[in-house]
Amino acid sequence: MDTLLSAAQWMVGKALASVADGVLEAWDASKNFGLNIEALRTELLLVQATLETASHKKIGGKAMEELLRKLRHSAHGAEDLLDELDYFRVHDELHGTYDAADQHAKGGVHDLALNARHTAKAVLGLSSAATPDEPGQVLEDARQRVGCCAWPLAMQKSHRSSSSSLNSNQADEEVVSGCMPKLGKLLPLSSSPHVRDDNSGQSTLCGAPQREHAEETPMLGFNRADFSERMKLIVEQLQPVRRDCTKILQTLDRITLPDIAQSCPITTGRSIEPKLYGRDNTMNNIIHDMTKGKYHRQDLTVLPVVGPGGIGKTTLIQHIYRNQQVQNHFQVVIWVCVSLSFNLNKLIEEIKTYIPQVEGEKDGRAEDLIEQRLKFKRFLLVLDDIWEFSDVDDWKRLLLPLRASQEKGSMIILTTRFPAIAKMVKTTDHIELEGLEPGEFRKLFLSFVFGDEPFRSDHKFLLETGDKIMEKLKGSPLAAKTVGTLLRKDLNFRHWRRVLESKEWEGQTGANDIMPALKLSYDYLPFHQQQCFSYSALFPEDYEYSATELINLWIGLDILQPGGPNQTSEDIGLSNLNDLVIHGLFRKEETDGRLHYVMHDLLHDLALKVASHECLTVHHSNVGSVKIQSSIRHLSIIIDDDKVTHENFKSQLRKLKAGLKVKQLHTLMLFGEMDESFASIFEDLCKEANALRFLRLVNMPSTAESILHSFSALFHLRYLCLGTKYGREMHLPLTISRFYHLRILDLGSWYRCRDFPRDLSNLAKLRRFYTPSDELHSEIFNVGKLVLLEELKVFRVNKEIEGFEPKQLENLTELRELGIYNLENIRTKEEAAKAKLTEKINLKRLTLDSDSKRSNTDPYVEALILESLQPNRYLLELCIRGHGGPSCPTWLGDNLSVEALQSLHLLGVSWQCLPSLGKMWGLDTLKLYNIFPMKELVIEESFDRLLRLELVGLASFEKWLPSQDAHMFPLLQVLIIRGCPKLLELAFSNHIVYSPYEDWNIGWFPKLQELEIYNCPEFLLVVHMPWTETLCSVKIRGVKLLEKLEYSKLSYRLELEIFGKDDLQCLDQILAFSNLMGLEKLTLKKCPSLDSKHLLMLTSLKTLAVENSDGLVGSLEGESDVEWQLPIEILMVEELRGASGKELTELLTHLPRLSKLDIRNCTTITHLTMGVDVQQTTSEVGEEEDRLLVLPAHLYGTLQDLVISLCPELVLVESSTFLPYRGFQALRSLQTLEIQHSPKLLSRCSFSGCLFPSSLQELVLQGMEGMGTLEPLSNLTSLTRLDLWYCGEDLRCKGLGPLLTTGGQLRKLLVYGSPRFFADPRQVLLQEYEGGEEHQLVSPAAVSSCKLQDFSTDDVVGFLVTPICSLLSSSLTCLQLYQNFNYKVERFTNEQEDALHLLVSLQQLEFREYNKLQHLPAGMHKLTNLKRLEVFSCSDVQSLPKDGLPKSLQLLDVSDCGNEELKQQCMGLVGTIPKIIL
C-alpha cells in the first residue's frame, strides 16, 4: 500500500510539478519554523555583542558608520519580525490555536496537520488580511488549483464571538480530515489521518462549515511558511554585515579616554570678552557681598553658580575674578578649571602652585603646605566647570586645608551645570543663571555682528530678521556669539534669511560654538538616557511636558532599562527624568500647582540634531524644505501656524509621503487641531504604518473616524493615545482589542462615546489605561485577564454578570491602585477572599466602597466582608466609604497590619468609634467625612507628622481631646473643616495668648499653609489672622462674626477679603494688623470702619475696596497733628450707608498716589466738584455739605481711571473759580472714564463745549442723555475706545469725524440704543473750521487714515450706507450688528448689501438677535478676508447666501438659530470650513 501510494504521489507530482515544488518548499519552511526562530535569535545575540564591542572602540570614517547603520537597520527588521511572532503567539493563546508555536502541543499527527495547513496557505497564496468578500474567491481559486474544498477561515471570525471560532483540536482535525487526503498526494507522507466531525458524527471531506462574520474588519492571519522564510532571509542579511564589522573592529584600538573629556575647553581667569552684558547687577551684588556684605565676616563661604552650557557662568566669574576691588580685597586668588574629572590629588597640587610660599614653611604634603600658606590670608578660590565628584568625601577632604585660614571672608566660587552638585557643596544660596533679558541680549548679539563699528542705517533692513533669530536663541550668550559671528560673515538679507530658516548655527562645530558646548551635557549621559532626551524633541518647542507624557513615550519606545524587582516602568522613567533635570537638559517648573518640565529651545534643537537620522518633526514652516533620511522611524506632525493655508500644508505632506518609508515608522505623533479636511490626507499618509510602537492622535474631528480603522494591523503598538474635540461624538475602533502588545491606552481626551470593545481584556500586556472618568474602568469585561494592569480605579462587583465577580481581581498582582465598589454585592467572606488583597504586595492605593443608597444592610455580613479584604502591610493610601458594620476591621484597629499607611480617608462609615491611629507613625493625611457617631477627635501622638487634616460633615463633632503627649500639630500644612455645626473652636485655642502687636505666633499650627472652615455656625475664630508666616490661603465662610474671610498670599501679591456679620464690632477681633504690613489688597464688606491706626499699619496697601458698610475710616482726630499718607493706588467704594462725601473727601487728601477711583451706588453722595474753593462750593450746595465729594487738587495729576456708576442723584458742580476748565477737564491725567446709570451727573453742564480732558483713551457713557451730538467729545483725539449705551434717541453722529480721521486714534466704537445715530451720515465726513460755520468734506487722505477696527451698533439702516462703509473700508476688521427693536429687519436691501461689500478688511462679522431676518446678505463671498461669521439668536434665518461664503472663513457659528434647514446647510460645509458651531 505504501508503494502504491508513493507511486501515485510521484505521478501526481510530475503532473503538478510547478505546484509540487512550491508545496515542498513551503512544507520545509513550516517544518523548520522553530529552528529558524532559534537561528535568528542567535544571530541577534551576535549582532548585539558586535555592537557592544564597537562601543569600546575608536570608530571613525563614513564607511564604518554606514556598516553599523546597516547592521542596526537589519536588527530593527529582526526585532519587528520576532515582535510580530510574539503577537501571534498571544493570538494563539487567546484563540486556542498553535499557528505561531514551534510545534503542536499534542504532537504527532497534529504537527503534520499544522504544517499542512500553513503549507497550503503558502501554496494557495491565502491573504492574511482578507476582507469578508474575499474568502469565496480565494476558495474558488484553491479549488481550481488543488481541487480542495472550502478552507477553514477560523482566523476571520469576530472577536466578539469567541465561542464560534475553531479551537485548536477542531481546526487541525478538520484540516487533517478535509484537505490532507488530497495534499497527501503531494507531500512526503505515508498516510493521511481521517477524523470525524464533532457536530455531525460523519466523516468530513469538505472542510469546516462556513461561519458568519460578526464585523467588517478581518482578523489577522499567520503564515508559518512565509514567516519562517522571512526569518531565514534576515539571518542571511545580518551575517555578512556583522562579520565585516567584527573584522574591522578587531583592528581598532580601545578608547582610553572618553571623548567628552577631550571636548571640554580649558578656562583661565582672564576673559576674552572685554565687556559683560546683562550681568552687571549679579556681578556687583557678588562683589559687594564678598568685600563688604554678608560674606565679608563669615568663615569660608562656598557660592555655586549654576546654569546650562553657554549661559555665561565662566564669563561672569572671570569678570569678578579680574575686578580690581576683588584683587585688592583677597590676598590670594586662585583659578582652577576642574572640568570632567574631579581628581582630588591633582586638584590640591594645582591649588598649591597658585599660593605663594611663606617664610619658615615646613616641607610636607600638598595639603599641609596649603594649610601653612593660607593660615593668615584671605583667599578666593574659583573652581570652574565641575561635572562630578567621584567620591563625595573628596569634597570634604578638599575643604580641610582651606578651612585652616584664620582670616574671615574667604570664598570658594564654583561653576557647574548641575543643580545637584550646587546643593551638595553650597554654604549659601546658589546663583542660577538664565538667559539674558531681551534688551541686554540684543546689545550683546549686535556687538558680535557689527563689532565696534558704528551701526549703519543701511543695515536696518536686517534687524527684522535678526530679531527673529534672537528670539530663537532665548538669551544664551554663547549662542549670540556663535550666530552673531556667523551673520557677520555676510551682511546681506539672503544670507541672514538662510541662517534663520535653516538654523545654520546648529552646524557650527568649533570648540567655542553653542552646539558643541551644549552637546557636552548630552555626551555625558548613558546611552539609554541619551535616547530619553533625544526622542523627547518629537514634542513641539516650548512644550510643557508632564512627567507622565515623557515616561509614556519612553515606555512606548522600549528605551527604559529594566530596574529592580519592585520598580515599575514609571519609577524607572521618573528616575531618568530626574537625571535629565540634574544634567540641565530639562527644567522643572510649577504653574498654579501643576508640575511640568520644559526644554530650552537650543536644547530642543540639539535633541533633534543628534536624533536626525531617526527622528523627524514636520510643521508648517519646514514641511517644504525638510530633508528626509531613509532611516527615519519617528515622525511628529505639528499643525502650528494659521497663517499658512492648510491646502499648502496638505500638498507638502503628500510630497513628504513619497520620500518617507512609512512602513518602518515606530512613532507617529500629531500636535495641534486637525480639521475635517486634513483627515483624508493624514489617513492616506499613515495607512501603511503597521510597524508603529507609539501613536498619538488627539483633537480629531468626527470625520476623522476613518483614520482609526486604517490602523488595523498594528502588531507592535505599545502606546496608543486617542482624543477627540470636546463634544464631538466618535466611536472607538473595535480593533483596539487586537493590539496585544499595548502597554498604555490613553483615552483621557476621548469624550462622550464609551463603546469599549467587549474583549478589551485581550490586551494582556496592558499596564495603564487612562480615561476621562475613573468610572470607565468599571466597564472592562473580564478584567482579570489583564494581569499586568497597574491601575484599576473602579471595579464594580456584580456577581449576576459574568466577568465582574470578585475573583476577577485574583491574579492582578501588579496593581498599584485599586478601587472596589458595590461591596454590598459580596455576601460571603469566601467571595471577598478571592480578591487576594494581601498577596498584592505592589498595591499602594486602595478604595473599598459600599453604595450609600443601598436599600438593605446587614452590619454583621458587612463586617465580615471588610475583614476579609485585608490589604498587604505595605499599603500607603486607604479609603473606606459607606461601610455599615459596627466597627472597623481588626487589621485597621486592634491588630493593625497597615502600619506603613500614609493616608487614611473614612467616609460615611457607621463605626461607633474610630480606630486608634496612634500606631500609624507614617500617617501624613487624615480625612474624616460624614461620620455621624463621631463626637470627638483624639489627638494622637502620631499626629505630629500630619501634613493634611480634613473634617467634613461631622454633625456630632464637638471637641478635640488631647492625648497624654499632646502637641500643636507642628507639621500640619492643610486643615479643612466643613459642615461641623457643633464645633466651637480649633484645637488648643485656649493656649493662645494674643496681643495685637506681638510677633508671629509660631507655637500653634506653626507650619499651616492652607486653612478652610465652611458652614460651622457655632465656630468662633479665636486666633487673629494671620498668626504664622507660612499661611498662604485662608477660606472661612458661615462662622460666628463672619460670612466670609479669604486670605491669599501669592508669590506676587497678598490679598484679604472680609464679609462681616452684624455682631462684628471691630476688625481687630479677627485681624493681626501687625502681621499685615505686606498686604496689598483689602476688601471689606459689611464691616465696621477701619481705625486709622490700623490703616496706617498697612504700609504696602495698594487697593482698598469698601462695600455695603457704614463707614470708611474711623475718626481721624488725633492724626491731624501729624502729616500721614497712605500708599493706596486704587480705591473702590460701593453702597456706603453711613459714610458721607465729607468722609471720603478727607480720606482722598491722604492718598497722594491714587490712580483709580471707583464709586458705585453711593446714595449719600449727591454732589461732586473739582473746584479748589471748597468754601464757595459748599455755599452752593447749602445744607447738603456732608453729601459733597471734593476731588483734591493733587488728583488732577495722578488720577488715571474714574468710574461713577449707579449714583442717580449725583450732580457735578462746576466751580466758578476753576474756569476755563469745565466738566472733568481738570483731571488732566485721566485715561479711562466710565459714567453709568448716573443721569444727573452732567445735568448742570453745558454740552456746547468740551467736558472731558484730551488725555482720555477710553470713555464709556451709559444712560447719559442730553448730548445730542458728539461735538462735546471732538477734542478727544487720543480716544481709542468709545461706548455709548442709551445716550438718547436724539443722539447723532455729528462730531464723530475728528475721532476717526486725521489725528484721531479711535479703534473701538459701540453705539447702542440711539436708533437714528447715522440719520445723516454726511455729518461724519464734515469738519468745522476753528472760527466759523463753514464746513468741508473730509479729504481722501484723512479717510485713509481712519483707524477704527471694531464697531458695534443697532443702527444697521444708518450704518450700511456707502459714505460710512467707504470711510471704514480699509480699517474695520470686526463688525457686530444688533437688532433694533423699533425697526425689525427682514432682509437687507441691495444698497445695504453693496455697502457691506465695501468693508473688504472685515475679519469678523456678527449678526445678533435679528428675530425677523430671513436671509443673510448676498455677496458675502466678496469679503475675502473674513475669518469668523457668527449668526446668533436669529431664529428666522432659513439659509446661507446662495452665492456662497468666502473661502477665507475659518469659523461659522449659527448657534441658537434653531432652523433645521440652516443647520443642514452648515453640515454640508463640513470639510471646507475648519470649525462649525451649530
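- Side-chain N or O atoms of T1169 include one that pairs as donor or acceptor with a backbone N or O of V1213 at under 3.5 Å.
- Minimum heavy-atom separation, G979 to C1016: N-SG, 4.1 Å.
- Note: H1094 and F1073 have parallel aromatic rings, judged against thresholds of 30 and 60 degrees for the angle between ring planes.
- Between L923 and L946 there is a side-chain heavy-atom pair separated by less than 4.5 Å.
- In this structure, the side chains of L949 and I976 stay at 4.5 Å or more apart for every pair of heavy atoms.
- Side-chain atoms of S956 come within 3.5 Å of backbone atoms of F932 as a donor-acceptor pair (strictly under, hydrogens ignored).
- Counting only heavy atoms from C-beta outward, the side chains of L906 and I931 approach each other to under 4.5 Å.
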Practice item. Begin with the C-alpha distance, continue with both residues' side-chain angles, and end with the deciding distance and a verdict on side chain to side chain contact (heavy atoms under 4.5 Å, CB included) for M934 and L928. Key: CA-CA 9 Å; M934 175 181 161; L928 304 177; 3.8 Å; yes
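- Between L1064 and P1088 the shortest side-chain heavy-atom distance falls below 4.5 Å.
- In summary, of the residues considered (E1134, Q1236, E1234), a side chain to side chain contact (heavy atoms under 4.5 Å, CB included) with S1205 occurs for Q1236 alone.
- At a threshold of 4.5 Å between non-hydrogen side-chain atoms, the residues L1095 and L1101 count as touching.
- When side chains are defined from C-beta on, I1130 does not count as touching K1102, because their heavy atoms never get closer than 4.5 Å.
- R1281 has a carboxylate O that lies under 4.0 Å from a charged side-chain N of E1258, or vice versa, which qualifies the two as a salt bridge.
- Residues M1132 and V1106 form no side-chain contact, since every pair of their non-hydrogen atoms from C-beta on lies 4.5 Å or further apart.
- Remark: of the listed residues R1037, R978, K1035, R978 is the sole one forming a side-chain hydrogen bond (donor to acceptor under 3.5 Å, both in side chains) with E1012.
- Checked against side-chain contact (heavy atoms from CB on, under 4.5 Å), L984 has the following partners two or more places apart in sequence or in another chain: E1018.
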Practice item. Evaluate the side chain to side chain contact (heavy atoms under 4.5 Å, CB included) criterion for residues K959 and L983: first the C-alpha distance (whole Å), next the side-chain angles of each, then the deciding distance (0.1 Å), finally the verdict. Key: CA-CA 6 Å; K959 59 183 177 179; L983 185 64; over 6 Å; no
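- Formation of a donor-acceptor pair under 3.5 Å by the T1166 side chain with backbone atoms of E1209 is not found in this model.
- Residue L1082 forms a side chain to side chain contact (heavy atoms under 4.5 Å, CB included) with just one option from L1090, L1067, L1054, L1076, and that option is L1090.
- Side-chain contact between L972 and V974 is absent, with no heavy-atom pair separated by less than 4.5 Å.
- Nearest heavy-atom pair, P1006 versus F969, reported as atom, atom and distance to 0.1 Å: CD-O, 3.7 Å.
- Checked by atom type and distance alone, the side chain of E950 never pairs as donor or acceptor with a backbone atom of L975 at under 3.5 Å.
- Rounded to the nearest 0.5 Å, atoms CD1 (I1070) and NZ (K1040) are 15.0 Å apart.
- In this structure, the side chain of D1354 does not engage the main chain of Y1378 through any donor-acceptor pair within 3.5 Å.
- Across all their heavy atoms, S1109 and C1087 have their closest contact at OG-N, 3.2 Å.
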Practice item. Evaluate the side chain to side chain donor-acceptor pair (under 3.5 Å) criterion for residues Q1376 and S1352: first the C-alpha distance (whole Å), next the side-chain angles of each, then the deciding distance (0.1 Å), finally the verdict. Key: CA-CA 5 Å; Q1376 293 178 321; S1352 304; 2.5 Å; yes
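- We find the CZ-CG distance between F943 and L926 to be 5.0 Å, quoted to the nearest 0.5 Å.
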Exercise for review: Would you sort out whether Q1009 and L1031 count as a side chain to side chain contact (heavy atoms under 4.5 Å, CB included), showing the intermediate values?
Suggested key: CA-CA 4 Å; Q1009 298 177 14; L1031 207 58; 5.9 Å; no
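- Each of L1241, I1165, L1212 was evaluated against I1204; a single residue qualifies, L1241, per the side chain to side chain contact (heavy atoms under 4.5 Å, CB included) test.
- Between the N1108 side chain and the K1086 main chain, no donor and acceptor come within less than 3.5 Å of each other.
- Remark: R1228 is not positioned above the aromatic ring of Y1196, lacking an NZ or CZ atom under 6.0 angstrom from the ring centre and at most 45 degrees off the axis.
- With rounding to the nearest 0.5 angstrom, the CD1 atom of I1036 is 5.0 Å from the CG atom of L1045.
- No hydrogens or angles considered: nothing links the side chains of Q1262 and Y1286 as a donor-acceptor pair under 3.5 Å.
- Of all the heavy atoms in I1159 and L1189, the pair that sits closest is CD1-CD2, 3.5 Å.
- Of all the heavy atoms in V1133 and C1162, the pair that sits closest is O-SG, 4.0 Å.
- Side-chain N or O atoms of S1314 include none that pairs as donor or acceptor with a backbone N or O of E1289 at under 3.5 Å.
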Practice item. Just do the salt bridge (Lys or Arg N to Asp or Glu O under 4.0 Å) check on K1156 and E1129 with the steps written out, would you? Key: CA-CA 6 Å; K1156 179 176 180 178; E1129 298 175 3; over 6 Å; no
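- Minimum heavy-atom separation, S1229 to G1197: OG-O, 3.0 Å.
- Note that the SG atom of C1287 and the CD1 atom of I1235 stand 9.5 Å from one another [nearest 0.5 Å].
- The line from NZ of K935 to CD of E958 is 6.5 Å long, rounded to the nearest 0.5 Å.
- Residue R1053 qualifies as enclosed at atom CZ: its count of foreign heavy atoms under 6.0 Å is above 12.
- Classified by interplanar angle (parallel below 30°, tilted 30° to 60°, perpendicular above 60°), the ring pair W1285/Y1312 is tilted.
- Side-chain atoms of T1198 come within 3.5 Å of backbone atoms of L1154 as a donor-acceptor pair (strictly under, hydrogens ignored).
- Proximity of a side-chain donor or acceptor of S1048 to a complementary backbone N or O of S1033 within less than 3.5 Å is not detected.
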Check your understanding: How far apart are the C-alpha atoms of T1028 and K1007, what are their side-chain angles, what is the distance that settles it, and do they pass the side chain to side chain contact (heavy atoms under 4.5 Å, CB included) test?
Key -> CA-CA 7 Å; T1028 174; K1007 302 293 184 182; over 6 Å; no
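- Atom CD of E985 and atom CG of L1020 lie 8.0 Å apart (nearest 0.5 Å).
- The environment of D1063 atom CG is dense: over 12 non-hydrogen atoms of other residues, nucleotides or ligands sit within 6.0 angstrom.
- Of the possible donor and acceptor atoms, none in the side chain of H1194 sits under 3.5 Å from a partner among the backbone N and O of T1149.
- A search for side-chain contact (heavy atoms from CB on, under 4.5 Å) contacts involving P1253 returns F1224, L1230, S1255, L1256, not counting sequence neighbours.
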